[in-house]
Amino acid sequence: MKPTIQSVKGTREFYPEDMAIRQWLYGKLRQVSELYGYQEYDGPFLEKIELYAAKSGEELVKEQSFVFPDRNNELIALRPELTPSLARMIAQRQGELVFPARWWSFGPFWRYEKPQKGRTREFFQWNIDQVGANSPEADAEMIGICASFLKSTGLTADEVIVYVNDRRLMDEQIAALGIAEDQRKSVSKLIDRRDKLSSSAWDQSILDAGFTSGQLAGLKELLDNKDLWKKSTELTRVFDALEKMGVSEYVRYNPQIVRGLDYYTGVVFEAWDAGAEGRAVLGGGHYDNLVADVGGNPLPGVGFAMGDVMINLLLEKYGKLPGFNLYSAAVLVTVFDEALRDDSMKLAAEIRDAGIRCICYSEPAKLQKQLKYADRLGMPAVLVFGPDEASAGNITIKDLKNRAQKTLPRAKVIHELEQILAQA
RNA sequence: GUGGGCGUAGCUCAAUGGCAGAGUGCGUGACUGUGGAUCACGAUGUUGUGGGUUCGACCCCCAUCGCCCACCCCA
């Protein structure tokens with residue numbers, strides 16, 4: 001059987017078993033967000049294109065957004081990220097909000113990219129930001145939230161690592177090499193690519209971009225200096241705070257982390273599979289100007305975003321996804337024949353009144369078929385209600401897990417069911 | 001945007017120019033009131049789509065659609 005209309009390329013279909021994973025993930029990140037005292041919020045899924053045009057980076061807006069004209073010929077984008085919407089929401093109520101504002105969100109985003117491993121056109125993203133704080137300790141709190149979340153999923157420090165850097169530090173160091181400010185962006189891009197090219201090819205790309213061999217040597221020295229952070233008072237405080245928070249093992253300095261988004265102005269960080277391959281699982285940083293850019297008074301912030309696709313791949317790779325009970329109902333009430341159908345329905349209603357999820361089989365059918373149905377759905381228990389039980393005022397209750405069954409007076413059934421379900 | 005791979009039963013895949021198959025799942029029965037095992041029987045296909053070559057095409061050629069992987073880029 002072929003569907004006549006295909007799903008839109010890169011969109012997601014969450015079958016119940018996929019939905020269970022998504023909800024589990026949502027539960028994990030909500031728990032961590034709330035533990036750190038953050039409040040849940042959300043923005044519009046549709047935004048005017050101009051919101052992103054300002055600061056998100058040209059590539060993101062021009063190449064990677066779903067954009068279409070509405071009936072009024074206004075260009076509308078399906079949101080490719082949340083931070084600009086957040087900045088606007090903050091700016092709109094800047095006078096009444098309590099700062100620092102600690103907010104988090106989890107919802108769908110869209111980017112018009114070519115789908116491949118770890119990347120879809122529609123994805124869910126966790127966003128968490130602290131707006132109105134401007135200290136290395138606030139930045140560290142955000143990195144600590146990353147680490148706490150990763151830890152809460154069961155990922156160990158051997159499996160995932162959060163790399164930290166600071167753009168100000170890199171800008172100073174690069175400037176000291178005699179590289180002009182307008183060249184820094186292209187340097188950043190080249191730094192980003194260093195792990196993808198061979199050592200000699202990367203060297204050549206630096207020279208091809210017009211930098212001197214002296215500058216190349218200086219760059220390499222910078223990027224190989226794992227102690228470079230000690231030259232930054234901010235990063236020194238960040239790592240100190242992370243130690244106090246007890247998450248140092250998940251965090252490491254990495255001078256190659258620069259990030260693509262234009263709006264980051266200070267500390268930046270990314271989490272990666274420690275097994276090297278793939279791409280960043282999450283990323284974020286400190287931004288000073290975003291609120292002002294959408295019309296508010298200047299207000300700094302720090303935050304990060306994590307997509308559901310990469311983290312799921314990672315959790316799957318390291319076997320961290322739990323098994324889920326997918327059954328929708330705990331109990332099936334069988335329907336023996338037409339004559340007993342009404343009684344079965346009444347019995348099922350009684351079970352539900354006791355707060356137990358219950359399905360009444362939809363039609364009279366062989367017991368074999370009804371039991372198989374319950375079994376296939378993974379249901380823990382079945383209530384068999386046939387003529388023998390009906391005439392004696394009994395119910396037969398079957399525990400599908402251990403294959404045991406007993407026939408009891410109807411009044412005792414709910415208690416017995418609760419016993420079985422407590423062990424399921 | 002560039003390059004590579006793949007589309008055959010519900011699913012996973014065989015069949016390299018000569019009668020479209022297996023495993024699994026599904027249905028029925030063995031078992032007339034009992035699910036995971038076993039056995040038997042049964043059903044399922046315009047071989048993604050359209051064209052071409054050929055006596056003959058799942059197979060070769062062209063086009064097209066879809067999926068996957070990598071590059072680019074990455075929030």
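Convention: sequence-line order gives letters A, B, ...; per-chain numbering from 1. These numbers come from the heavy atoms of this one structure, side chains and all, not from hydrogens, waters or symmetry mates.
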Legend entry - Atom C1', compared across B/rC60 and B/rG3: separation rounded to whole Å: 24 Å
Legend entry - Contacting residues from residues 408-420 of chain A, given that a heavy atom lies under 4.0 angstrom of RNA chain B: none
Inset, instruction - Using the side chain to side chain donor-acceptor pair (under 3.5 Å) rule, collect all pairs that involve residues 330-350 of chain A, keeping only residues at least two apart or in two chains. - result: A/Glu338-A/Arg341, A/Glu350-A/Arg410
Inset, instruction - Just call it for A/Arg79: base, sugar-phosphate, or nothing, with non-hydrogen atoms closer than 4.0 Å on any strand. - result: nothing
Legend entry - Length of the OH-P vector between A/Tyr327 and B/rG36, whole Å: 20 Å
Legend entry - Sorted by number, the residues of residues 367-390 of chain A with heavy-atom contact under 4.0 Å to RNA chain B: A/Leu367, A/Gln368, A/Leu371, A/Lys372, A/Asp375, A/Arg376, A/Val384, A/Gly386, A/Pro387, A/Asp388, A/Glu389
Inset, instruction - Give me the one residue out of A/Leu417, A/Val333, A/Leu332 that meets side chain to side chain contact (heavy atoms under 4.5 Å, CB included) with A/Cys358. - result: A/Val333
Legend entry - Pi-cation contact, A/Tyr163 with A/Arg252 (under 6.0 Å, within 45°): no
Legend entry - d(CH2, A/Trp272; P, B/rC74) in whole Å: 11 Å
Inset, instruction - Determine the interatomic distance between C1' on B/rC13 and the same-named atom on B/rC72; round to the nearest Å. - result: 34 Å
Legend entry - Near-strand residues of residues 117-138 of chain A, defined as heavy-atom separation under 4.0 angstrom from RNA chain B: A/Lys117, A/Arg119, A/Gln125
Legend entry - Non-neighbouring partners of A/Glu137 that pass side chain to side chain donor-acceptor pair (under 3.5 Å), sequence neighbours left out: A/Arg237
Would you list the atom pairs, donor with acceptor, under 3.5 Å between side chains in residues 375-386 of chain A and any protein atom, with sequence neighbours excluded?
none

Inset, instruction - Provide the distance between the two P atoms, one in B/rA20 and one in B/rG29, to the nearest whole Å. - result: 33 Å
Inset, instruction - Could you verify whether a donor N or O on one side chain and an acceptor N or O on the other, from A/Asp129 and A/Tyr287, lie under 3.5 Å apart? - result: yes
Inset, instruction - Can you tell me which stems involve RNA chain B, if a stem is defined as three or more consecutive Watson-Crick or G-U wobble pairs, both distances under 3.5 Å? - result: B:1-7 with B:65-71, B:10-13 with B:21-24, B:26-30 with B:38-42, B:48-52 with B:60-64
Inset, instruction - Measure from NZ on A/Lys189 to P on B/rC73 and round the result to the nearest Å. - result: 7 Å
Pairs under 3.5 angstrom, nitrogen or oxygen only, protein versus nucleotides 64-67 of chain B, please.
| unit_1 | atom_1 | unit_2 | atom_2 | d |
| --- | --- | --- | --- | --- |
| B/rC67 | OP2 | A/Lys9 | NZ | 3.1 |

Inset, instruction - Please measure how far the C1' atom in B/rG7 lies from the corresponding atom in B/rA15, and state the result in whole Å. - result: 16 Å
Legend entry - Residue whose closest nucleotide on RNA chain B lies nearer the 5' end, A/Gly283 versus A/Pro115: A/Pro115
Inset, instruction - Quote, to the nearest angstrom, the C1' distance that separates B/rG4 from B/rG18. - result: 33 Å
Inset, instruction - May I ask you to decide if A/Asn297's main-chain N or O and A/Gln94's side chain share a donor-acceptor pair within less than 3.5 Å? - result: yes
Legend entry - Which atom of A/Leu371 lies closest to which atom of A/Lys398, heavy atoms considered: CD2-CD, 3.9 Å
Legend entry - Selected nucleotide, minimal atom distance to A/Arg403 side chain, candidates B/rG1, B/rG29, B/rG35: B/rG35
Legend entry - Nearest-angstrom distance from the residue atom CZ of A/Arg193 to P of B/rC74: 10 Å
Inset, instruction - Check the distance between B/rC11's P and A/Tyr15's OH and give it to me in whole angstrom. - result: 10 Å
Legend entry - salt bridge (Lys or Arg N to Asp or Glu O under 4.0 Å) partners of A/Arg352, counting only residues at least two apart: none
Inset, instruction - Using a cut-off of strictly less than 4.0 Å, decide whether A/Lys366 has a side-chain nitrogen or oxygen near OP1 or OP2 of B/rG29. - result: yes
Inset, instruction - Please name all residues satisfying side chain to side chain donor-acceptor pair (under 3.5 Å) with A/Arg168, sequence neighbours left out, ordered by chain then number. - result: A/Asp166
Inset, instruction - With P as the reference atom in both, quote the distance from B/rU49 to B/rA9 in angstrom, rounded to an integer. - result: 10 Å
Legend entry - Gap separating the CH2 atom of A/Trp103 from the CG atom of A/Leu97, nearest 0.5 angstrom: 5.0 Å
Inset, instruction - Report yes or no: do A/Ser7 and A/Glu13 form a side-chain donor-acceptor pair below 3.5 Å? - result: no
Legend entry - Donor on one side chain, acceptor on other, A/Thr396 and A/Gln405, under 3.5 Å: no
Legend entry - Listed partners of A/Tyr373 passing side chain to side chain donor-acceptor pair (under 3.5 Å), at least two apart: none
Inset, instruction - Output the single nucleotide from B/rC74, B/rU34, B/rC73 whose closest atom is nearest the side chain of A/Arg111. - result: B/rC74
Inset, instruction - Nearest whole angstrom, please: distance from the C1' of B/rU34 to the CG of A/Asn402. - result: 14 Å
Inset, instruction - Provide, to the nearest angstrom, the distance between the CG atom belonging to A/Leu313 and the C1' atom belonging to B/rC69. - result: 13 Å
Legend entry - Contacts of type side chain to side chain donor-acceptor pair (under 3.5 Å), residue A/Trp110, not counting sequence neighbours: A/Glu122
Legend entry - Salt-bridge criterion met for A/Arg30 and A/Glu40 (N-O under 4.0 Å): no
Inset, instruction - Kindly indicate whether a cation-pi arrangement holds for A/Arg167 with A/Tyr264, taking the cut-offs as under 6.0 Å to the six-membered ring centre and within 45° of the axis. - result: no
Inset, instruction - Find the distance A/Gln116:CD to B/rG5:C1' and express it as a whole number of Å. - result: 14 Å
Legend entry - Interatomic distance at C1', B/rC26 relative to B/rC68, whole Å: 28 Å
Inset, instruction - Between B/rG23 and B/rG56, how far apart are the P atoms? Round to whole Å, please. - result: 34 Å
Legend entry - Passing option when A/Tyr318 is tested against A/Thr153, A/Thr156, A/Asp158, A/Asp273 for side chain to side chain donor-acceptor pair (under 3.5 Å): A/Asp273
